[in-house]
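In what follows, a structure is listed as structure tokens, so that the remarks can point back to it.
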Amino acid sequence: MPAPPPISNTIRRLRFEHGEMTQQQLADAIGMTRQTVAAIEQNKYSPSLEAAFRIAEAFGVEIGEVFQWKADEKQGR
């Protein structure tokens, strides 16, 4: 099984803070499937840059509030 991507996210927390938005509601807002949203949220899949911006826009936040790069942590930096 491949290692998870070095990107973490706060999608679950943001969904909760936005009226307990469901994965399906987010998927509908960004033009993706619920399964794709679930995979991104669970760090099983890294979104395209466009999808990342769409997710941030759906929550009305900057992309850095949704996604965090954590590759340096794995490399011991």
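None of the values given here were measured: they were computed from a predicted structure. Hydrogens, waters and symmetry mates are skipped; everything else that's a heavy atom, side chains included, is used.
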If you apply the rule side chain to side chain contact (heavy atoms under 4.5 Å, CB included), what do you find for Val37 with Ile30, and how did you get there?
CA-CA 9 Å; Val37 168; Ile30 63 173; 4.0 Å; yes

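Residues Thr36 and Met32 approach most closely at CG2-CE, 3.3 Å, considering heavy atoms. Across Ile40 and Asn9, no two heavy atoms sit closer than the pair O-ND2, 2.8 Å. Counting all heavy atoms, side chain and backbone alike, Ile11 lies closest to Glu41 at CG2-OE1, 3.5 Å. Here the closest heavy-atom approach between residue Ala51 and residue Ser48 is recorded as N-OG, 3.0 Å.
The shortest distance between side-chain heavy atoms of Glu17 and Phe59 does not fall below 4.5 Å.
A donor atom on one side chain and an acceptor atom on the other are not found under 3.5 Å apart for Gln24 and Arg34.
Applying the 6.0 Å contact sphere to CZ of Arg13 captures more than 12 heavy atoms from other residues, nucleotides or ligands. Within 6.0 Å of the CD atom in Gln68, the count of heavy atoms belonging to other residues, nucleotides or ligands exceeds 12.
Side-chain atoms of Ser8 never come within 3.5 Å of backbone atoms of Asn43 as a donor-acceptor pair (strictly under, hydrogens ignored).
In the hydrophobic cluster analysis, where Ile, Leu, Val, Met, Phe, Trp and Tyr join through side-chain heavy atoms closer than 4.5 angstrom, Phe67 is grouped apart from Phe16.
Here the CE-CG distance, from Met21 to Asp28, works out to 10.0 Å after rounding to the nearest 0.5 Å.
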